[in-house]
Protein chains: 2
Amino acid sequence: MPNEDPLRPPGRLESLTQWQSGKIATLGARLTSSRMPLGGRADFAVLAALQQFGPLSQADIGRSLGLDRNDVNEVVGRLEGAHHVHRMPNPTDRRRNTVTITAQGARHLDELEAIAHEIQNDLLQGLDQNERVQLRALLRKVLASHGPQPS
Amino acid sequence: MPNEDPLRPPGRLESLTQWQSGKIATLGARLTSSRMPLGGRADFAVLAALQQFGPLSQADIGRSLGLDRNDVNEVVGRLEGAHHVHRMPNPTDRRRNTVTITAQGARHLDELEAIAHEIQNDLLQGLDQNERVQLRALLRKVLASHGPQPS
DNA sequence: CAAACAACGTTGGTTAGGCCAACATAAAGG
DNA sequence: CCTTTATGTTGGCCTAACCAACGTTGTTTG
C-alpha cells in the first residue's frame with residue numbers, strides 16, 4: 001500500500017538520527033570540497049588543535065580530534081611540507097614529535113575558518129539563529145556523552 | 001599559549017555543525033558495523049522506501065534516499081539475491097525496473113529496524129526524551145531546506 | 001515523421017575517511 | 001633486568017559518495 005510520493009525520504013529513515021547526521025555530513029562535505037583546498041577539513045582540524053592547545057605530539061593531536069595516529073601522521077606531513085607546522089623530536093621523550101603551528105599556519109587556519117563559516121551558513125540556511133545554537137548544543141551533548149573510544 | 005587539556009576537541013571544531021554531524025555519523029557507523037550484517041544500512045534504507053511507497057523504479061529509490069543510481073543498483077542486486085526484493089522489467093516503460101519488497105524482505109526490514117533503534121538508543125544516551133525529539137526535528141529541518149541536489 | 005534529447009539501468013572506475021596490522025624505537029613498570 | 005606500553009611510521013583494507021560512459025528506451029521538437 002503506497003502512502004505518498006517517493007520524493008522525500010521514508011519516515012523510518014527521517015526518524016533515525018544516525019541517518020540524518022550522515023546525510024548532513026555529506027551535504028557539508030559537498031559544500032566543502034567545492035570551496036576548500038584538498039585536505040582542507042583535516043588541515044583545519046589539526047591547526048585548530050595546535051592553535052588552541054599549543055604544541056602537541058601527534059598522538060595527542062589524534063586523541064583531541066578523534067583521529068587515527070596514522071592519519072594524523074599524513075596530515076602533519078602535508079602541513080609540514082606547506083610550512084604550516086613545524087615538526088621536531090621531543091628531547092625529553094624521544095618517541096614523540098613536537099608539532100608546532102607556524103605564523104603562516106595560523107594565517108592559513110584563519111582563512112580556512114572563514115570558509116568553514118560560509119559553508120556552515122549555507123548548510124544551516126533553514127534554521128534561525130536560536131535554532132542553530134540549540135542544534136550545536138544538542139550535538140555537542142551527544143558527542144560529550146561518548147568518551148574518546150576509537151584508535 | 002596553551003589554553004586547556006588536549007583531551008577534548010578544540011572549540012573551533014565544536015562550534016562547527018558540519019564537523020559534529022560527521023563525528024556522530026561515524027559513531028553511528030561504528031555501532032552499526034558491530035551489530036548489523038554487511039550492507040545493513042543501505043539495505044534498510046532501500047527496504048524502508050519500498051515498504052512506505054510501494055514498488056519503485058531504481059531511479060525513484062535513489063531520488064527518495066539521496067543515493068546514486070549506481071549504488072542503488074548494487075544494493076538492489078544484493079537484496080534480490082537474498083530474495084528480499086523482486087526485480088522485474090516495467091512493461092509500460094521498458095527502461096525501468098519495478099522493484100517490489102517481498103514478505104521475507106518485510107521481515108528483514110523489521111529486524112533491521114529493531115537493531116537500528118537499539119543503536120539509536122545507545123547513540124543518544126546523553127539526551128533525555130525531549131532533547132531527542134528536538135534534535136530530530138532540527139536535523140529534519142536542515143535536510144528539508146536542501147533540495148535533492150546530488151546525482 | 002524523423003531527428004535530437006533525456007531518462008534508465010548497467011559496468012567500471014576514482015576519491016576521501018575511517019580503520020587495522022606490523023614494525024622499530026623508546027619509555028615505564030614489574 | 002625483563003616485560004609491557006606508547007609512539008611514529010609504513011602499508012594496506014573497506015565503505016560511502018561520486019563520476020564517466022554505454023546501449024536501450026521514451027519523450028520532445030523541428
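Note: hydrogens, waters and symmetry copies are ignored here, and every other heavy atom, side chains too, is used. Proteins get letters first, then strands, A, B, ... in listed order; numbering begins at 1 in each.
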In terms of heavy-atom contacts, A:Leu56 and A:Ala49 come closest through CD1-O, 4.2 Å
Side-chain atoms of B:Thr26 come closest, of D:dT9, C:dA7, C:dC19, to C:dC19
Within a 6.0 Å radius of atom CD on A:Gln104, are there more than 12 heavy atoms belonging to other residues, nucleotides or ligands? yes
### Query
Would you say D:dT9 has OP1 or OP2 under 4.0 Å from some side-chain N or O of A:Arg87?
yes
- Message: Any side-chain N or O of B:Gln58 below 4.0 angstrom from OP1/OP2 of C:dA7?
- Response: no
Assert: residue with more 5' nearest nucleotide on DNA chain C, out of B:Lys23 and B:Ser57, is B:Ser57
Here the distance between atom P of C:dG17 and atom CE of A:Met36, to the nearest Å, is 11 Å
Under a plain distance cut-off of 3.5 Å, with no hydrogens placed, do B:Arg78 and B:Asn73 share a side-chain donor-acceptor pair? no
Between B:Asp128 and B:Asn130, is there a side-chain donor-acceptor contact under 3.5 Å, judged purely by atom types and distance?
no
Review point. Is any side-chain nitrogen or oxygen of A:Asn73 closer than 4.0 Å to OP1 or OP2 of D:dG8?
Key: no
Practice prompt. Go through the side-chain N and O atoms of A:Gln120 and A:Arg132 and say whether any donor and acceptor fall under 3.5 Å apart.
Written response: no
Rounded to whole Å, CH2 of B:Trp19 lies from C1' of C:dG17 at a distance of 14 Å
Among the nucleotides C:dG9, D:dC19, D:dT15, whichever has the atom closest to the side chain of B:Leu38 is D:dT15
Per atom distances to the B:Arg95 side chain, the nearest of D:dT24, D:dC19, C:dT10 is D:dT24
*Does B:Arg41 have a side-chain nitrogen or oxygen under 4.0 Å from the phosphate oxygens OP1 or OP2 of D:dA16?*
yes
Rounded to whole Å, CD of A:Glu74 lies from C1' of D:dG11 at a distance of 11 Å
Check this one for me: any side-chain N or O of B:Asn90 less than 4.0 Å away from OP1 or OP2 of D:dT25?
no
From CD1 of A:Ile24 across to C1' of D:dA17 the rounded distance in Å is 17 Å
Side-chain atoms of A:Asn70 come closest, of D:dT15, C:dG9, C:dC19, to C:dC19
B:Leu67 CG to D:dT15 P, in whole Å, measures 16 Å
Here the distance between atom P of D:dT15 and atom CG of A:Asp68, to the nearest Å, is 17 Å
Note: for A:Thr92 and A:Gly40 on DNA chain C, the residue whose nearest nucleotide lies more 5' is A:Gly40
Rounded to whole Å, the CZ-P distance (A:Arg69 to C:dT25) equals 17 Å
| message | Should the side chain of B:Asp71 and the base of D:dC18 be counted as holding a donor-acceptor pair, with the cut-off at 3.5 Å? | response | yes
Side-chain contact check for B:Ala59: nearest option of D:dT25, C:dG9, D:dT9 is C:dG9
Can you see whether A:Arg41 engages B:Gln18 through a side-chain donor-acceptor pair at a distance of less than 3.5 angstrom?
no
Here the distance between atom P of C:dC19 and atom CG of A:Leu65, to the nearest Å, is 13 Å
Testing D:dC18, C:dA26, D:dA16 for proximity to the side chain of A:Arg30, the answer is D:dC18
